[in-house]
Amino acid sequence: MTRKKVLVTGGAGFVGSHLCDRLLKEGNEVFCLDNFFTGQKQNIVHLLGNPFFELIRHDVTAPFFIEADEIYNLACPASPVHYQYNAIKTMKTSVMGAINMLGLAKRIKAKILQASTSEVYGDPLVHPQPETYWGHVNPIGERSCYDEGKRSAETLFVNYHKQNHVKIKIIRIFNTYGPRMHPNDGRVVSNFIVQALQNHDITIYGEGQQTRSFQYVDDLVEGMVRMMASPDPFTGPVNIGNPNEFTILELAEKVIQLTGSTSTIINKPLPPDDPMMRQPDIALAKKELGWAPTVELEEGLIKTIAYFKELI
Ligand code: NAD
Ligand code: UDP
């Protein structure tokens, strides 16, 4: 077995910490870089005694140098509440973070994977969304710091590949949930579970008829690792998500049922530009990576509810 040196930016976040676990389990040496904007020490505290794990407090908007074989670039707040808190910083994180990490990858000849997003499709006019769809994004809306930041990052990745022959991999991640989401993360699955467990009102934005397709975090990590290991000519972008689509109302009802909560559902205003529907077309991931999700919503929710029950 060869022990690879792997840099994970955003490694103390929800997804990043699961990825660090997986990479260490496979016998790699992991450098976890994070500025702790939305990440938490708690997510990686169990790894701190591992001599093959290193935690580095750093902001990806500043250059960073290390020797590594592979880089997973996850640093970026992902919840609308957090990425809108400082829109300029979010855009800098995506764009300058990509430039700094691509520059590093070029210099040290590392392979680099970008955690892009289904948000590049915006409020989609094509359903489900294949990778060939260019998207429908408002460039000056409240979500644009995130959507356009991630779109620019994709552009940078593709051009570093074309011009500088950097080995790149781009995945477009669809809504992912699971243990280690922050209770105040603000995304729908954690909000609903935390509200249900406390018997507080469940806040549906709008009428709850908008849809999302929810992926359990273990499936995403499997997709990331497979994408990084995929043969070189394949750069993506490739969708990584669970195609099972639910309305937000259905999600709320499922969470109430699984928690046995006495919460009532209330409606709050729908935020501007909130996408009406979202479902990945995963034919490309199946073909190129032999990947498909294996954890269905109920099973994943049960595990996530158990995590939050312990936490709160
Ligand atoms: P998260 O907020 O839990 O994790 C993001 C991590 O990046 C945090 O640890 C945060 O502290 C760190 N970070 C933010 N800005 C940084 C900066 N400037 N420098 C260094 N570190 C910084 O979110 P997550 O759900 O784990 O998302 C991880 C990645 O996956 C993000 O890039 C996100 O855009 C992408 N993604 C996630 C989802 C999802 O549903 N979870 C969907 C699409 C894309
Ligand atoms: N949402 C909701 N109540 C909440 C949080 C979110 O109804 O407490 C809705 C939100 O308006 C959106 C969907 O759930 O339509 C998914 O929101 P999230 O922030 O999780 O992800 P994204 O909109 O980025 O897909």
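Small disclaimer: the values here were computed from a predicted structure and weren't measured. Whatever order the structure lists ligands and atoms in, that order sets their numbers, starting from 1.
Relative to the ring axis of Phe36, Lys41 places its NZ or CZ within 45° and under 6.0 Å from the centre. A cation-pi arrangement is absent between Arg278 and Tyr121, since the terminal nitrogen or guanidinium carbon is not both under 6.0 Å from the aromatic centre and inside a 45° cone about the axis. The cationic group of Arg107 lies under 6.0 Å from the six-membered ring centre of Phe65 and within 45° of the ring axis, placing it in a cation-pi geometry.
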List below, pair by pair, the N or O atoms of ligand 2 and of the protein that are less than 3.5 Å apart, including the distance to 0.1 Å; reply 'none' if no pair qualifies.
residue: ligand 2; atom: 3 (N); partner: Thr203; partner atom: O; Å: 2.6
residue: ligand 2; atom: 7 (O); partner: Tyr205; partner atom: N; Å: 2.8
residue: ligand 2; atom: 8 (O); partner: Asn191; partner atom: ND2; Å: 2.8
residue: ligand 2; atom: 8 (O); partner: Thr203; partner atom: O; Å: 3.3
residue: ligand 2; atom: 8 (O); partner: Thr203; partner atom: OG1; Å: 3.0
residue: ligand 2; atom: 8 (O); partner: Tyr205; partner atom: OH; Å: 3.4
residue: ligand 2; atom: 11 (O); partner: Asp274; partner atom: OD2; Å: 2.6
residue: ligand 2; atom: 15 (O); partner: Gln210; partner atom: NE2; Å: 2.9
residue: ligand 2; atom: 15 (O); partner: Arg212; partner atom: NH2; Å: 3.4
residue: ligand 2; atom: 15 (O); partner: Asp274; partner atom: OD1; Å: 2.5
residue: ligand 2; atom: 15 (O); partner: Asp274; partner atom: OD2; Å: 3.3
residue: ligand 2; atom: 20 (O); partner: Val188; partner atom: N; Å: 2.8
residue: ligand 2; atom: 21 (O); partner: Asn175; partner atom: ND2; Å: 3.4
residue: ligand 2; atom: 23 (O); partner: Arg143; partner atom: NH2; Å: 3.0
residue: ligand 2; atom: 23 (O); partner: Arg212; partner atom: NH2; Å: 3.1
residue: ligand 2; atom: 24 (O); partner: Arg143; partner atom: NH2; Å: 2.8
residue: ligand 2; atom: 25 (O); partner: Asn175; partner atom: ND2; Å: 2.9
residue: ligand 2; atom: 25 (O); partner: Arg212; partner atom: NE; Å: 2.7
residue: ligand 2; atom: 25 (O); partner: Arg278; partner atom: NH1; Å: 2.6

Enumerate, one pair per line, all nitrogen or oxygen atoms of ligand 1 lying under 3.5 Å from a protein nitrogen or oxygen, stating the separation to 0.1 Å; write 'none' if no such pair exists.
residue: ligand 1; atom: 2 (O); partner: Thr38; partner atom: OG1; Å: 2.6
residue: ligand 1; atom: 3 (O); partner: Phe14; partner atom: N; Å: 2.9
residue: ligand 1; atom: 7 (O); partner: Cys76; partner atom: N; Å: 3.4
residue: ligand 1; atom: 9 (O); partner: Gly13; partner atom: N; Å: 3.0
residue: ligand 1; atom: 9 (O); partner: Asp34; partner atom: OD1; Å: 3.1
residue: ligand 1; atom: 9 (O); partner: Asp34; partner atom: OD2; Å: 2.5
residue: ligand 1; atom: 9 (O); partner: Gly39; partner atom: N; Å: 3.2
residue: ligand 1; atom: 11 (O); partner: Asp34; partner atom: OD1; Å: 2.6
residue: ligand 1; atom: 11 (O); partner: Asn35; partner atom: OD1; Å: 3.4
residue: ligand 1; atom: 11 (O); partner: Phe37; partner atom: N; Å: 3.0
residue: ligand 1; atom: 11 (O); partner: Thr38; partner atom: N; Å: 3.0
residue: ligand 1; atom: 11 (O); partner: Gly39; partner atom: N; Å: 2.9
residue: ligand 1; atom: 13 (N); partner: Asn35; partner atom: OD1; Å: 3.3
residue: ligand 1; atom: 18 (N); partner: Asp59; partner atom: OD1; Å: 2.9
residue: ligand 1; atom: 18 (N); partner: Thr93; partner atom: OG1; Å: 3.1
residue: ligand 1; atom: 19 (N); partner: Val60; partner atom: N; Å: 3.0
residue: ligand 1; atom: 21 (N); partner: Asn35; partner atom: N; Å: 3.2
residue: ligand 1; atom: 21 (N); partner: Asn35; partner atom: OD1; Å: 3.3
residue: ligand 1; atom: 25 (O); partner: Arg187; partner atom: NH1; Å: 3.0
residue: ligand 1; atom: 25 (O); partner: Arg187; partner atom: NH2; Å: 3.0
residue: ligand 1; atom: 26 (O); partner: Phe14; partner atom: N; Å: 3.4
residue: ligand 1; atom: 26 (O); partner: Val15; partner atom: N; Å: 2.8
residue: ligand 1; atom: 32 (O); partner: Leu74; partner atom: O; Å: 2.8
residue: ligand 1; atom: 32 (O); partner: Lys150; partner atom: NZ; Å: 2.8
residue: ligand 1; atom: 34 (O); partner: Tyr146; partner atom: OH; Å: 2.6
residue: ligand 1; atom: 34 (O); partner: Lys150; partner atom: NZ; Å: 2.9
residue: ligand 1; atom: 40 (O); partner: Thr176; partner atom: N; Å: 2.8
residue: ligand 1; atom: 41 (N); partner: Arg187; partner atom: NH1; Å: 2.9

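Between Glu154 and Arg172, at least one side-chain nitrogen of the basic residue sits less than 4.0 Å from a carboxylate oxygen of the acidic one, meeting the salt-bridge criterion. Salt bridge Lys167/Asp69: absent, no basic N to carboxylate O contact under 4.0 Å. Using a 4.0 Å cut-off between a side-chain N of Lys or Arg and a carboxylate O of Asp or Glu, Lys286 and Asp281 do not qualify as a salt bridge. Between Glu70 and Lys4 there is a salt bridge, since at least one side-chain N of the basic residue sits less than 4.0 Å from a carboxylate O of the acidic one. Ionic pairing of Glu119 and Arg143 is present here: one or more N-O contacts between side-chain nitrogen and carboxylate oxygen are shorter than 4.0 angstrom.
Between Tyr146 and Tyr83, the ring planes are parallel. Angles under 30° get that label, and only those over 60° would be called perpendicular.
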